[in-house]
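Encoded as structure tokens, the structure appears first; notes follow it.
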Amino acid sequence: MNTVLTLMLVAPLLSAALAFAVRRHDQLRDALTLAGLGTAAGASGVMFATVAADGPFVLRVGGWHPELGIVLVADRFAALVLPVALAIIFVVELFAIGQRKTAWGSNPELSGPMMGVLTAGVSLAMLTGDLFTLFVAFELILVSSYVLLTHQGQAAQLRAGMTYVVMNLLASTLFLFGLAYVYAATGTVNLALLTERIPELPDGVRLGIGAWFFVVFGTKAAVFPLFSWLPDSYPTAPTTITAVFAGLLTKIGIYAMIRFHTLMGMDQLGNTMLIIAGVTMIVGALGALAQSHVKRILSFHIISQIGYMLMGLGLFTAAGTAGAILFLVHHMPVKTVLFLVGGLIENDQGTGRLDRTGGLARRRPLIAALFAVPALSLAGLPPFSGFVAKFAVISAGIEARATPWVVLALVAGALTLLSMTKIWLGVFWGADPDRVSVRRPPGNRPMMLAATGIAVAGTLTISALAGPLFDLSVDAAEDLRDPEIYRTAVLR
Amino acid sequence: MIATRSPIVRLAIQTATPIAIVLGTYLLFAGHNRPGGGFAAGLVFGAVVVLRTIAGLQRPRHADTLIAVGVVIAVAVAALPVLWGDPFLDMKIVETTVPLLGKIKTGSALPFDIGVMAIVVGLIVALLDGLSLPTVDDTGTEAGAA
Amino acid sequence: MLWTLLIAHLAGIVVAGVAGRRGIRAGLAAAAIAPAATATWAISRLVGDADPATAELVWVAGLDLGVSFRLDSMALMMTTLVSGIGTLVFVYAIGYFSAGADGGVRFPTALLAFSTSMLGLVWADSVWTLFIFWEFTSITSFLLVGHKNTSADVLRAARRALMITGAGGLVLLAGLLLVAEAAGTTTISELGPITGSSASVAAILVMVGAATKSAQFPFHVWLPGAMAAPTPVSAYLHSATMVKAGVLLVAVLSPAMIDVDAWLWTGLAFGVTSMLWGAIGALRQRDAKLILAWGTVSQLGLLVTVLSLGSGKALFAGISLLFAHALFKAALFLVVGEVDIRTGTRDIAELGGLARSMPIAAAVAALAGLSMAGVPPLLGFMAKEAAIEAGLGLSGPERWIALGAITGGSVLTVAYTLRFWIGTFGPGPATEVAPRRLAMTAPAVLLALAGVLGYVFAGQVTDIVGPAAVEANEKASVYELIRWPGLKTAFVISIGIVAAGTALGWFLSARPVGAAPRTVGADAADETIEATLRFAPDITARVQHGSLPVYLATMIIAVIAATMPFFASAEIDHLVLWDRPLQAGLVAVTIVAAATGAVVGSRLGATLTLGAVGIGVSGIFVVHGAPDLALTQLVVETVIVVGFVLGFGSLAREFPRSSESWQTIRLVLSVISGIGIMSALAFAGSRPTGTAPIEALTDEAVDVGGGKNVVNVILTDIRALDTLGEVVVLATVAVGILALARVRADEVEAAS
């Protein structure tokens with residue numbers, strides 16, 4: 001397991017450095033990138049199996065005691081979510097390699113290596129048992145995503161990148177302040193030790209720390225009213241990059257929130273979180289409805305869906321936390337796939353604007369089918385994972401008698417359905433568009449369709465395995481809700 | 001691009017270069033016991049590069065290589081202990097006696113620091129590369145008030 | 001066996017898809033196989049007497065989600081209808097579509113997918129299984145309504161149908177969650193009466209969900225629009241089966257709701273208004289298909305009214321009506337489709353005289369219409385008698401409401417049926433028609449004859465509908481369908497209904513056909529959707545306005561809010577002013593530099609003051625005994641200042657001016673947040689629950705880390721992972737700069 005955890009960090013970084021060194025040799029670079037991402041994904045799979053069999057595994061980095069050094073903790077939460085995340089990156093990179101030969105791909109010389117850095121950041125963020133290292137992981141993710149966003153240097157990307165990087169850097173700065181508060185109050189940044197020391201703090205300090213990190217992680221997770229960086233920046237990037245962002249970035253924020261706020265027993269923030277969750281769901285869904293471009297619609301949906309996860313977390317019940325975790329596991333691949341399909345549409349039609357597309361279901365039934373599955377899932381319709389996830393959160397809400405939030409969740413569900421219908425009617429049905437003044441689209445390569453197909457198959461697998469996944473989410477939630485488990489694993 | 005043509009400044013910078021390099025090297029090796037370390041050393045080297053750029057003198061140009069090599073070194077140092085069963089990032093200490101210098105206590109922290117240094121220098125070189133280009137037009141948008 | 005049938009259907013979808021590539025008729029023929037087999041099997045079970053077949057597949061055990069089937073009598077009856085009518089509709093569609101019609105793959109697969117979903121719905125023995133298949137039917141219905149999706153009207157109709165049924169599905173979801181919680185089970189056959197505070201809410205929510213699906217006023221507006229679908233779809237989904245899902249739900253949940261008043265009254269409210277409003281709507285239409293569609297709304301209202309009464313007699317009557325309605329309404333739609341195909345119009349103002357040119361169709365329409373009107377000797381008559389009997393058997397205000405509504409609705413039903421028949425087949429010039437297609441005629445004839453046979457074999461029909469009703473209410477077992485009741489109250493009422501209806505129908509038929517009524521309800525529904533779509537950008541523009549400074553101000557406000565809790569634990573006893581006075585001096589310098597930086601107008605000035613802040617901070621590091629940090633900080637500040645200065649080449653010297661009010665806002669926010677952040681830090685350490693392991697760090701650094709410089713050992717050993725991460729961050733930044741530099745270089749090259 002020592003090796004396995006190491007590989008998840010080292011393999012993508014090493015391959016990124018090497019791929020960057022040989023970035024002008026297409027095949028070598030892509031092979032290195034895939035090898036690095038594939039190794040990390042494979043290692044995460046091994047981690048999942050091992051943790052499922054033997055329970056949480058803790059790696060003391062450099063052999064140092066948690067009191068001093070850093071620990072990596074593969075608990076059941078990390079072991080469930082991380083493999084999904086790493087698998088997503090791998091599949092998207094396949095798509096990217098398929099797309100790179102078309103004019104509309106990202107610049108392959110940099111996107112591959114940057115994906116490696118991003119992967120390492122994601123692995124680190126999910127595995128670390130140390131609040132400061134979490135900050136480092138956020139930095140890794142932030143800079144690599146910023147480079148991915150802007151590396152083509154188009155004016156729109158730079159403009160959007162400015163909002164993105166400034167807001168996120170401010171969040172990083174706030175994170176540092178938060179670390180100062182935590183360290184001043186407890187003398188440690190180790191999560192396991194913090195589970196002992198934070199609950200004993202005076203109420204004001206404890207809640208202040210909770211609220212502070214809610215702002216920090218909330219900005220990363222794009223909750224209302226801190227989400228503004230997201231919808232402006234995502235649609236400007238090339239498909240593959242947006243797909244990865246959509247699948248992972250905000251989810252790291254919500255992941256950190258689920259981990260931190262549950263482990264630290266911040267139940268008293270529950271109502272605040274629920275209010276924010278409700279507004280986030282609705283504003284995100286309305287934002288999606290307001291758009292008339294596939295990728296922009298999808299971008300706003302990320303926000304809306306974050307609201308659901310936050311609702312699950314904010315209930316601070318076992319069922320709610322489990323629901324939030326399942327939602328996370330469902331949402332990451334589904335969102336990614338939708339953006340990939342968005343890319344397929346753009347590559348085929350030359351644009352993702354709803355008023356300039358139409359009738360695609362007749363001409364490209366395959367794309368229509370690839371869209372329909374994740375779209376129905378996103379809208380929360382059975383038999384897809386989105387239904388189970390939404391069901392889990394809503395039934396947890398009913399159980400906790402959180403009626404207003406249940407109502408908001410249902411309204412947001414209806415709005416989501418409407419916006420998916422909007423895409424369907426705009427892109428797949430209706431009359432064929434007049435083919436005027438559209439940039440000549442490069443078309444889709446088999447590898448792009450194959451990668452999307454794999455991803456859709458992945459989401460279907462998640463749907464089919466929703467039962468075991470829910471059980472795993474319940475287990476993961478248990479680990480988080482009983483800090484004793486976490487503490488024992490790290491400190492023994 | 002600001003570049004000075006003053007011969008005195010150029011001479012001064014030329015003279016300072018070897019001194020700074022010695023200083024940087026010292027900081028790199030002294031880091032474990034005295035103030036210094038890879039980051040500080042890299043910054044000193046970087047400062048040399050900046051000054052030489054201002055003076056219009058020759059400077060390193062291969063930021064990409066420095067970066068790649070730096071990351072590979074640092075990551076390799078981090079990962080190697082795993083190969084013989086030690087924890088990730090376990091740092092080894094080696095004590096050897098070297099002629100002239102006597103007993104030297106060093107360890108895997110040193111190559112790690114070298115990696116750090118290479119990256120810092122690489123960053124500064126990249127920065128200068130970025131800044132030394134002529135501009136086409138001003139696409140930078142002002143984050144003006146609402 | 002249930003699995004076999006389900007898998008046969010799924011396989012059928014694939015086969016139909018493959019066959020459909022050769023043309024729509026081949027696809028339809030292939031798709032008909034599975035329903036035909038299912039119908040045969042179901043009918044064979046109807047005559048036999050077997051235990052309910054069950055099947056179960058756990059999906060998400062932790063949430064009780066999964067497929068749980070139980071083929072009880074109700075399910076068996078519904079299966080017979082779904083697959084039997086389904087088979088006929090597939091056959092009919094072969095005649096309806098021309099050989100070269102568009103959508104050879106789409107249509108048969110979607111229709112069979114619907115058929116499959118509907119079977120799952122009627123077999124469901126778990127509320128969640130029911131819900132899952134319920135949602136499937138909404139989706140497949142959407143796909144089928146949008147079959148001809150190039151026209152904007154069709155798209156609107158499909159969207160309307162999906163949104164109303166989809167939103168209703170969400171309401172139902174909430175309702176079923178409450179039902180499951182109150183009843184303590186999700187198994188339908190084990191549901192007992194629920195009570196308690198949430199029972200009424202549950203009842204209303206479930207009833208609303210059912211009303212959206214079964215097109216009850218005011219949610220009925222999607223149904224006429226759904227007539228944009230090809231007629232086989234209208235006959236199958238939107239009259240015979242899918243719209244019955246809500247009615248079925250009312251029936252199967254009635255054991256749970258028997259003690260809930262809200263159930264009865266919500267059901268009556270929906271049912272009665274729909275029955276009357278639907279019938280009035282039917283009387284105003286001039287499109288034959290729309291007359292039938294509005295008639296369906298009315299009939300569904302009747303079903304909801306009767307079933308929500310909940311008594312044994314009512315359940316028996318309701319199920320009988322449901323059975324009869326499926327048969328005669330499907331037949332009527334099939335006839336309209338035939339008329340449409342053979343004459344090219346469905347407008348009763350243009351039609352007429354078809355009794356001579358299309359005698360078989362006219363006869364079918366007459367038989368089915370009479371059954372709908374409740375005239376003996378037809379199945380519809382017996383069912384309606386039972387409904388009136390059920391009304392008579394009540395007491396309290398609901399008796400009069402139910403009886404009045406049934407009577408009034410039935411009079412109107414007779415009237416619009418007559419108007420429909422006269423308008424289409426009645427007196428008029430003989431219209432030229434296209435040749436008959438056997439595939440279209442035969443299914444309609446069979447369905448119409450079923451109404452006659454149902455009357456003849458009333459006992460056998462009772463054996464079908466009776467046990468089905470018993471599933472919902474055990475007291476239903478004593479009732480039976482009666483061919484000739486004699487002069488009892490109910491029969492007298494029936495006679496009155498037919499007489500009054502006929503008179504009204506004659507009267508209206510004699511008048512010239514007016515213009516088609518405006519689609520007020522549907523327009524309102526569309527307008528609601530459009531209003532949402534318009535409202536959304538307004539809200540969005542407000543929150544996503546694109547101004548970075550305002551975004552940042554928002555974040556700062558959030559920060560200020562987050563510092564508030566700290567003040568609850570405000571304690572400053574543990575604070576000392578300074579360790580050494582020098583600290584105070586450095587802090588003062590730093591603050592002055594920072595304040596200057598905030599007001600200075602030039603970029604260079606701001607950069608230099610920021611540098612001064614950095615130097616002040618590094619001074620504090622020195623005082624605290626951290627020369628490493630101080631050194632690093634100094635060099636970093638230097639490089640940054642130089643970097644800024646180098647980069648200023650292309651920017652204006654001064655910052656752009658901002659308005660005074662905005663400056664005030666910024667000033668206020670920064671002062672408050674600054675005070676908040678600083679105070680929070682001061683209060684955070686008031687009662688520490690732990691201290692930094694400084695001694696352990698210094699000892700271990702030498703012993704294990706092998707270095708006297710603790711900072712460096714922390715960086716390169718104890719917390720080397722952080723360092724590794726941060727240097728990769730630096731490397732990444734460098735890569736980003738190189739990338740942008742290269743883009744710029746390319747641009748320059750391209751420009752020159």
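Below, chain A is the first sequence line, B the second, and so on; all start at residue 1. Reckoned from all heavy atoms, side chains included, excluding hydrogens, waters and symmetry mates. Keep in mind it's a predicted model, so treat the numbers as computed, not measured.
Interface remark: C/I737 contributes no atoms to any contact with chain A (heavy atom separation under 4.5 Å). In this structure, the portions of C/L155 lying under 4.5 Å from any heavy atom of chain A include both its backbone and its side chain. Neither the backbone nor the side chain of A/V411 comes within contact range of chain C; no heavy atoms are under 4.5 Å apart. Both the backbone and the side chain of A/T133 come within contact range of chain C, judged by heavy atoms closer than 4.5 Å. Of the atoms belonging to A/S228, heavy atoms from both backbone and side chain fall under 4.5 Å from chain C. Heavy atoms of C/F142 lying under 4.5 Å from chain A belong to its backbone as well as its side chain. For a residue to count as touching a neighbouring chain, one of its non-hydrogen atoms must lie under 4.5 Å from one of that chain's; by this rule C/L143 touches chain A with backbone and side chain alike. Heavy-atom distances place the side chain of A/L226, and not its backbone, under 4.5 Å from chain C. When heavy atoms are compared at a cutoff of 4.5 Å, C/L65 approaches chain A solely by way of its side chain, counted from C-beta outward. Contacts of C/A682 with chain A are absent, with no heavy-atom separation under 4.5 Å from either backbone or side chain. With a threshold of 4.5 angstrom between heavy atoms, C/E571 does not approach chain A through any atom at all. Heavy-atom distances place the side chain of A/L124, and not its backbone, under 4.5 Å from chain C.
Put simply, the side chain of C/T554 does not reach to within 4.5 Å of the side chain of A/F227, judged on heavy atoms. The shortest distance between side-chain heavy atoms of A/L289 and C/F535 does not fall below 4.5 Å. The closest side-chain heavy-atom distance from C/L548 to A/M167 is below 4.5 Å. In this structure, the side chains of C/R159 and A/W424 stay at 4.5 Å or more apart for every pair of heavy atoms. Side chains of A/V205 and C/R687 form no contact here, defined as non-hydrogen atoms less than 4.5 Å apart.
Open room surrounds CD1 on C/I694; 12 or fewer heavy atoms of other groups in view lie less than 6.0 Å from it.
Scanning both residues, A/P383 and C/F136, for their nearest heavy atoms gives CD-CE2, 3.3 Å. Contact between A/A392 and C/L63 at its shortest, heavy atoms only, is CB-CD1, 3.8 Å.
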Check step by step if side-chain contact (heavy atoms from CB on, under 4.5 Å) holds for A/V136 and C/L724.
-> CA-CA 9 Å; A/V136 175; C/L724 181 66; over 6 Å; no

When you look at A/R362 and C/D102, which way does the salt bridge (Lys or Arg N to Asp or Glu O under 4.0 Å) test go after all the steps?
-> CA-CA 10 Å; A/R362 288 188 298 280; C/D102 199 24; 5.5 Å; no

Verify side-chain contact (heavy atoms from CB on, under 4.5 Å) between C/Y551 and A/V166, making sure each step is shown before the conclusion.
-> CA-CA 10 Å; C/Y551 293 162; A/V166 170; over 6 Å; no

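Between atom CD1 of residue A/I398 and atom CG of residue C/L173 there is a gap of 7.5 Å, rounded to the nearest 0.5 Å. Here the straight-line distance linking atom CD1 of A/I70 with atom CZ of C/R719 works out to 4.0 Å at 0.5 Å rounding. For the atom pair A/W229 CH2 and C/M555 CE, the distance stands at 10.5 Å (nearest 0.5 Å). To the nearest 0.5 Å, atoms OG1 (A/T421) and CG (C/L162) are separated by 4.5 Å. Expressed to the nearest 0.5 Å, how far CD1 of A/I303 lies from CD of C/Q544 amounts to 6.5 Å.
Between chain C and the options A/L13, A/L207, A/L410, A/I394, heavy-atom pairs under 4.5 Å are most frequent for A/L410. Between chain C and the residues A/Y183, A/F224, A/F213, the most heavy-atom pairs under 4.5 angstrom are made by A/Y183.
Of residues 562-569 of chain C, those residues with a non-hydrogen atom less than 4.5 Å from any non-hydrogen atom of chain A are, in numerical order, C/A562, C/T563, C/P565, C/F566, C/A568, C/S569.
Judged purely by atom type and a 3.5 angstrom limit, A/Y181 uses its side chain to pair as donor or acceptor with the backbone of C/I677. Between the side chain of C/W59 and the main chain of A/S463, a donor-acceptor pair closer than 3.5 Å is present.
Taking the ring centroids of C/W128 and A/F387, they lie at or beyond the 6.0 Å cut-off.
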